[in-house]
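These values consider heavy atoms only, across backbone and side chains, with no hydrogens, waters or symmetry-generated copies. We name chains A, B, ... by the order of the sequence lines, and we start the count at 1 in each one.
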There are 2 protein chains.
Amino acid sequence: MKNQKQIKNQKQIARELGISVATVSNALRGKGRVSASVIKLVTSRAEQVGYFPSAAGRALKTGRSNILGLVVPDITNAVFPKFAQGVEAEADKCGYGILIADSRGTQAGQNSAIRQLIQRGVDGIIVLPQRCTAPEVTSVPCAFASTPGDINNTVAANHIQGGQIAARALLDLGHRNFLLLGNDSESQVQKDRIQGMMEALEGIAQFEVCWTPDVFPDLVEKNKTGVTAILTVSDLLALRAVTQAERAGLKCPQEISVMGFDDLPLATAVRPTLSTIVPNTTELSKRLVAYLSAAIHRDVILPKPSLVDMSIILRESTGPVATHSPHSTRRLK
Amino acid sequence: MKNQKQIKNQKQIARELGISVATVSNALRGKGRVSASVIKLVTSRAEQVGYFPSAAGRALKTGRSNILGLVVPDITNAVFPKFAQGVEAEADKCGYGILIADSRGTQAGQNSAIRQLIQRGVDGIIVLPQRCTAPEVTSVPCAFASTPGDINNTVAANHIQGGQIAARALLDLGHRNFLLLGNDSESQVQKDRIQGMMEALEGIAQFEVCWTPDVFPDLVEKNKTGVTAILTVSDLLALRAVTQAERAGLKCPQEISVMGFDDLPLATAVRPTLSTIVPNTTELSKRLVAYLSAAIHRDVILPKPSLVDMSIILRESTGPVATHSPHSTRRLK
DNA sequence: CCAATATGCTTAAACGATTAACCAGATCGC
DNA sequence: GCGATCTGGTTAATCGTTTAAGCATATTGG
């Protein structure tokens, strides 16, 4: 019995049941006027033969593919996975699939990725912008998930506020002399995080900002000059700071506290585990998908960029400032 | 001047040029019989109005979407990004887009993800299987990128060989007493890696296998019993081993060598930088996409699973075994 | 009891690209 | 000079779904 005919479309179901394709379509979509009995008949038959509507056919007629594009500057960036997971889950809830594209770190790549996605028929695009590059005019709705300091921003994690709570947490622990570590002074995200830290420290504590694209500061030296807390813009930098410090005999957190950013998986794998600032990717994803969904259906266009606060996770790499004077030089031999 | 009419399709171009849509299609695709002059006319006009073929229209007619699905067990798994990047780049070269789906770590999730992708009209699917689960019968070609020990495997990184070269590198450095560290004894990938290590060590060196889902072994204790080298199944485990050892005053690599796996970004962020085993994701991606592409076009179906060798990167976390007896107890104060 | 409305379904026309089939005019072989 | 072939197109059908419009039959209001 050749029970599984290859072609399972509305036409086949219609023919088998002796009704028209329009009725099949209406019955399955719950539109038009179809009797309850026919609806039951059609749906059960569809279920039975394993029918599902052709994405291409539907897309052609409706002009919607139910697919969103996601453009990331660099997939291997450690922040990407959590974000992608959030977006994928949220999109899935709303009936959207996610088509990914890597902009390969350049503005040209970003534009070409966006064009490609449009040509593939996506209904909307979420862009994690590279260097705050201005979006080209596009024929589909586009959400830019950037940072507060980016003018093109649509929805963003509040990196400035993240920097602030990082600094405040260590102020609360008694620290008054900070080293602020970044590794890419061109990155708006990093600039915003550092800015937040500086805002919170200004007038209350001493601090020094250090951009370390290649050369890493001598932490023992810094500690001798009084630094007891290091605020970094990423868990990777925090990891480097912690391991470098411990290797040089500087105990973390007893002698020096280190704060990371992003809560990467490594944060709990390393000892001491890293205190860190974590973006609310779930909420971010929700707003991004909701924004696009609204824009696609031309319901409402939210005009102003919205910010999602970050939260803090205190683990082992941060602690109260040592009770003895932080300026004391320690065991000179 | 309303130069940019919204609708840019073949019909519009045909009308404007006074020719038929068939000729437009033929001219653009280089099929059929069209004079050189008309081809130039059509292509330049298409260029001018920014025409590109509708993905839905083409997909409907040709039955191909030029989109591949990618099912991953867990996007936040740190191995994913590099793999996704390779697949995306390779797919892009072949004219395919990548639709991602997260199987949320369960077999049910995996099956539902596959079904979803099929319903979205993908031409083929790449699956990173969860726990070596058997694939459902699918209506589209499916490539399983698993591990040598998986029976459903299509193309895989040779995790067994990876374990072997990890072990041999440390044997070459003089080590003869090993600790093998895994954290998920149900994972076929981890089992294969450990198996490779054991194969290389068997009869040559002493070793102990330790699965650490939660409790981590006391490395100082192990070192006292003679262990000088730790082989792990992941960079995260290696990171934990290194930092735990250094915290306990056990110098790496002077007193203990640690080998990671996968070459995650953290491998170069931590001090000492991690020696690690790195899969050739580029080659893997190439073979996977090539396999699917062939299967889609019903050209050739490669029958036997193929394996891609891994390579080793030696950094700071591994070194020659200490010249003094490894069994010596060290500075008991 | 008849017009108005509701119900349940069918017909047919899209959506945009592809492609088999056809056709007029030019060219060619012999 | 005439059938055969080639050239450069056109016509029309098709992919699978959606949806406006149409058309019976049944139901209701007054």
Write down the distance between [atom1] ([X]) and [atom2] ([N]), rounded to a whole number of angstrom.
X      : N       : atom1 : atom2 : value
N66(A) : dT17(D) : CG    : C1'   : 13 Å
K8(A)  : dT17(D) : NZ    : P     : 12 Å
K11(B) : dA17(C) : NZ    : P     : 10 Å
I39(A) : dG8(C)  : CD1   : P     : 9 Å
R15(B) : dT10(D) : CZ    : P     : 15 Å
R64(A) : dG16(C) : CZ    : P     : 14 Å
F52(A) : dT18(D) : CZ    : C1'   : 18 Å
I13(A) : dT17(D) : CD1   : C1'   : 12 Å

Pairing residues for [X] by the side-chain hydrogen bond (donor to acceptor under 3.5 Å, both in side chains) criterion, not counting sequence neighbours:
X       : result
S37(B)  : S35(B)
D262(B) : R193(B)
Q10(A)  : Y51(A)
S103(B) : none

Quick test: give all pairs of protein nitrogen or oxygen and nucleotides 5-8 of chain D nitrogen or oxygen below 3.5 Å, distance rounded to 0.1 Å.
unit_1	atom_1	unit_2	atom_2	d
dG8(D)	N7	R33(B)	NE	2.9
dG8(D)	O6	R33(B)	NH2	2.4

Where do N or O atoms of nucleotides 18-21 of chain C meet protein N or O atoms at under 3.5 Å, pair by pair?
unit_1	atom_1	unit_2	atom_2	d
dT18(C)	OP1	R29(B)	NE	3.2
dT18(C)	OP1	R58(B)	NE	2.7
dT18(C)	OP1	R58(B)	NH2	2.9
dT18(C)	OP2	Q10(B)	NE2	3.3
dT18(C)	OP2	S25(B)	OG	3.2
dT19(C)	OP2	R29(B)	NH1	3.4

- Note on the structure: Those residues at least two apart in sequence (or on a different chain) that pass side chain to side chain contact (heavy atoms under 4.5 Å, CB included) with A55(B) are none
- Item | Qualifying residues under side chain to side chain contact (heavy atoms under 4.5 Å, CB included), relative to S187(B), sequence neighbours excluded |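 Applying side chain to side chain contact (heavy atoms under 4.5 Å, CB included) to S187(B) gives R131(B), D184(B), V189(B), Q190(B).
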In chain order, what residues pass the salt bridge (Lys or Arg N to Asp or Glu O under 4.0 Å) check against [X], with sequence neighbours excluded?
X       : value
K93(A)  : E90(A)
R45(B)  : E16(B)
R115(A) : E136(A)

- dT10(C) OP1/OP2 closer than 4.0 Å to side-chain N/O of S20(A):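 Yes, because at least one side-chain N or O of S20(A) sits under 4.0 Å from OP1 or OP2 of dT10(C).
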- Query: I118(B) and S139(B): side-chain contact (heavy atoms from CB on, under 4.5 Å), yes or no, with the steps?
  - Reply: CA-CA 8 Å; I118(B) 293 178; S139(B) 51; 3.5 Å; yes
- Degree of bending, the helix from dC1(C)-dG30(D) to dC30(C)-dG1(D) (end axes from five pairs; round to 10°):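 That helix has its two terminal axes inclined by roughly 40°.
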- Task: Please confirm whether the backbone N or O of R64(A) pairs with a side-chain atom of D123(A), one donor and one acceptor, at under 3.5 Å?
- Result: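 No, because the side chain of D123(A) does not come within donor-acceptor range (under 3.5 Å) of the backbone of R64(A).
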